[in-house]
Participant: 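If you scroll down you'll find the structure; I have some questions about it.
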2 protein chains.
Amino acid sequence: MDGQAPNLWTVEQVVKHLGITPRTLRYYEELGLITPAARTPGGHRLYDEATVAEVAHILRLKDTLGFPLREIQQLLAAERQLQALRESYHRQEAHPEARRRVLMQFRDVLVDVMGRIDEKMAALTALRERYAEKLARVDQRLRGDGGEQP
Amino acid sequence: MDGQAPNLWTVEQVVKHLGITPRTLRYYEELGLITPAARTPGGHRLYDEATVAEVAHILRLKDTLGFPLREIQQLLAAERQLQALRESYHRQEAHPEARRRVLMQFRDVLVDVMGRIDEKMAALTALRERYAEKLARVDQRLRGDGGEQP
DNA sequence: TCCAAACCTAACGTTGACGTCAACTTTCTG
DNA sequence: CAGAAAGTTGACGTCAACGTTAGGTTTGGA
């Protein structure tokens with residue numbers, strides 16, 4: 001039922017969209033971060049939108065948070081566990097205790113990540129201020145270029 | 001004149017203060033990022049407060065901005081150039097044109113760095129929001145733990 | 001004075017995140 | 001239906017940022 005083709009992406013489309021190389025895609029797969037949604041009869045990888053979005057997310061975590069890929073793997077694992085929980089819930093297979101346990105675990109992961117984000121933001125704010133001050137001084141000296149104290 | 005000892009730090013003091021290893025300190029020196037203020041008669045490195053602060057700054061740039069050390073080197077070079085300008089200014093050796101040129105160059109560096117900081121902050125804000133939403137949903141499900149829609 | 005702890009230089013090793021090449025196979029396009 | 005372009009697996013190469021080991025020298029405290 002629902003024979004709708006789920007709109008699959010080729011390797012080339014994904015890497016051009018995200019500005020990466022095929023090697024990166026395969027490396028992430030090798031580490032278990034992603035799994036191509038399908039293969040062509042000949043073995044070429046095909047990705048669905050969700051996986052493309054996940055790769056974009058991985059890149060953000062890596063580049064802006066500086067997380068190593070192994071940690072990102074833990075994070076994604078937790079998110080997937082929650083997703084699995086959501087689905088088991090749909091099928092009414094959720095033992096309330098187990099359900100609660102998974103939710104608490106995921107909560108811990110979330111709190112940890114958000115704490116690290118906040119740390120980064122604080123450090124970035126301090127850095128920004130430092131450079132903003134320097135910039136203000138430089139601009140002042142460039143403007144009133146007479147002979148003030150340095 | 002002014003024979004005040006400038007309060008020097010040993011390698012051990014620096015690394016314990018900053019949570020790094022001696023190897024890191026030597027590596028940064030190898031790259032030209034820092035220079036120990038002095039050596040003991042026997043050759044042991046000694047650092048002044050300014051250098052310790054610079055190492056702390058390097059670590060922040062590396063960890064929170066994710067800058068590679070070679071780029072940090074450029075940044076520090078620019079800052080030092082400005083410092084040199086400040087000193088030459090004191091000694092009235094500043095050709096106004098050269099002075100202006102250095103100031104403009106440093107300004108460009110500053111604007112570039114601040115732009116990158118702002119990019120990171122924007123990305124971090126988006127990430128934070130994403131996880132905050134997830135956290136809110138999890139908390140809601142943990143609280144009203146009855147049988148709502150997932 | 002003696003000795004453990006700290007430090008030195010020089011060199012090779014490791015880890016993460018890919019890059020690159022070889023030798024094919026599949027897929028798209030004219 | 002040919003040939004170029006894209007993709008496959010497998011393996012080795014690379015680069016940054018240190019870690020580690022070897023073989024000595026210096027230093028500070030009992």
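Residue numbering restarts at 1 for every chain, and letters A, B, ... go by the order of the sequence lines.
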Participant: With a 4.5 Å limit on heavy-atom distance, are the side chains of B:Gln74 and B:Phe67 in contact?
Facilitator: no
Participant: Could you state the CD1-C1' distance from B:Ile72 to D:dA16, rounded to the nearest angstrom?
Facilitator: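 Computing the B:Ile72:CD1 to D:dA16:C1' distance gives 12 Å.
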Participant: Has B:Thr10 got a side-chain N or O lying under 4.0 Å from the OP1 or OP2 atom of C:dC7?
Facilitator: yes
Participant: Calculate the interatomic distance between A:Tyr27 atom OH and D:dT14 atom P; express it in whole Å.
Facilitator: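 Distance check: A:Tyr27 OH to D:dT14 P gives 18 Å.
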Participant: What is the distance, to the nearest angstrom, from the CD atom on A:Glu71 to the P atom on C:dG16?
Facilitator: 12 Å
Participant: Rounded to whole angstrom units, what separation is found between the CZ atom of B:Arg26 and the C1' atom of C:dA11?
Facilitator: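 After rounding, the gap between these two atoms is 12 Å.
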Participant: If you check every side-chain atom of B:Arg70, which of D:dT8, D:dG19, D:dA17 has the closest atom?
Facilitator: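 Nearest listed nucleotide: D:dA17.
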Participant: Check the distance between D:dT27's C1' and B:Trp9's CH2 and give it to me in whole angstrom.
Facilitator: 20 Å
Participant: Nearest to the side chain of B:Arg23, which nucleotide is it out of D:dA17, C:dC12, D:dG7?
Facilitator: C:dC12
Participant: In whole angstrom, what separates A:Glu29's CD from D:dG7's P?
Facilitator: 14 Å
Participant: Rounded to whole angstroms, how far apart are CD on B:Gln73 and C1' on D:dA17?
Facilitator: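 Result: 14 Å.
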Participant: Minimum heavy-atom separation for B:Val15 and B:Pro22, please, with both atom names.
Facilitator: CG1-N, 3.7 Å
Participant: Could you give the distance from NZ (A:Lys120) to NZ (B:Lys120), rounded to the nearest 0.5 Å?
Facilitator: 7.0 Å
Participant: Could you tell me whether the side chains of A:Glu87 and A:Gln83 share a donor-acceptor contact shorter than 3.5 Å?
Facilitator: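 There is such a pair between these side chains.
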Participant: Report yes if at least one side-chain N or O of B:Tyr28 is closer than 4.0 Å to OP1 or OP2 of D:dC18; otherwise report no.
Facilitator: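 Checking B:Tyr28 against D:dC18: at least one side-chain N or O falls below 4.0 Å of OP1 or OP2.
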Participant: With sequence neighbours excluded, tell me which residues meet salt bridge (charged side-chain N to carboxylate O under 4.0 Å, His left out) with A:Glu129.
Facilitator: none
Participant: Quick one: is C:dA17 close enough that its OP1 or OP2 comes under 4.0 Å of any side-chain N or O from A:Thr24?
Facilitator: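 Checking A:Thr24 against C:dA17: no side-chain N or O falls below 4.0 Å of OP1 or OP2.
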Participant: Can you give one letter per nucleotide of nucleotides 23-30 of chain C, 5' to 3': B if a protein heavy atom sits under 4.0 Å from the base, S if only from the sugar-phosphate, - if neither?
Facilitator: ---SS---
Participant: Picking from C:dG16, D:dT8, D:dG19, which would you name as closest to the side chain of A:Val11?
Facilitator: D:dT8
Participant: What closest approach, in Å, do B:Leu8 and B:Gln13 show between heavy atoms, and which atom pair accounts for it?
Facilitator: O-OE1, 4.0 Å
Participant: Can you measure from CZ (B:Arg99) to CG (A:Leu142) and round to the nearest 0.5 angstrom?
Facilitator: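 CG of A:Leu142 is found 8.0 Å from CZ of B:Arg99.
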Participant: Could you identify which residues of residues 57-69 of chain A place a heavy atom less than 4.0 Å from some atom of DNA chain C, listed by residue number, or say none?
Facilitator: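 A:Lys62, A:Pro68, A:Leu69, in order of number.
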Participant: Which residue, A:Leu65, A:Leu33, A:Val109, forms the side chain to side chain contact (heavy atoms under 4.5 Å, CB included) with A:Leu75?
Facilitator: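 By the side chain to side chain contact (heavy atoms under 4.5 Å, CB included) criterion, A:Leu75 pairs with just one of A:Leu65, A:Leu33, A:Val109: A:Val109.
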Participant: What pair of heavy atoms forms the shortest contact from B:Ile58 to B:Ile72, and how long is it?
Facilitator: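 Between these two residues, the closest heavy atoms are O-CD1, 3.8 Å.
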Participant: Rounded off to whole Å, could you give me the CG-to-C1' distance for the B:Leu31 and D:dC18 pair?
Facilitator: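 Nearest whole value for this atom pair: 10 Å.
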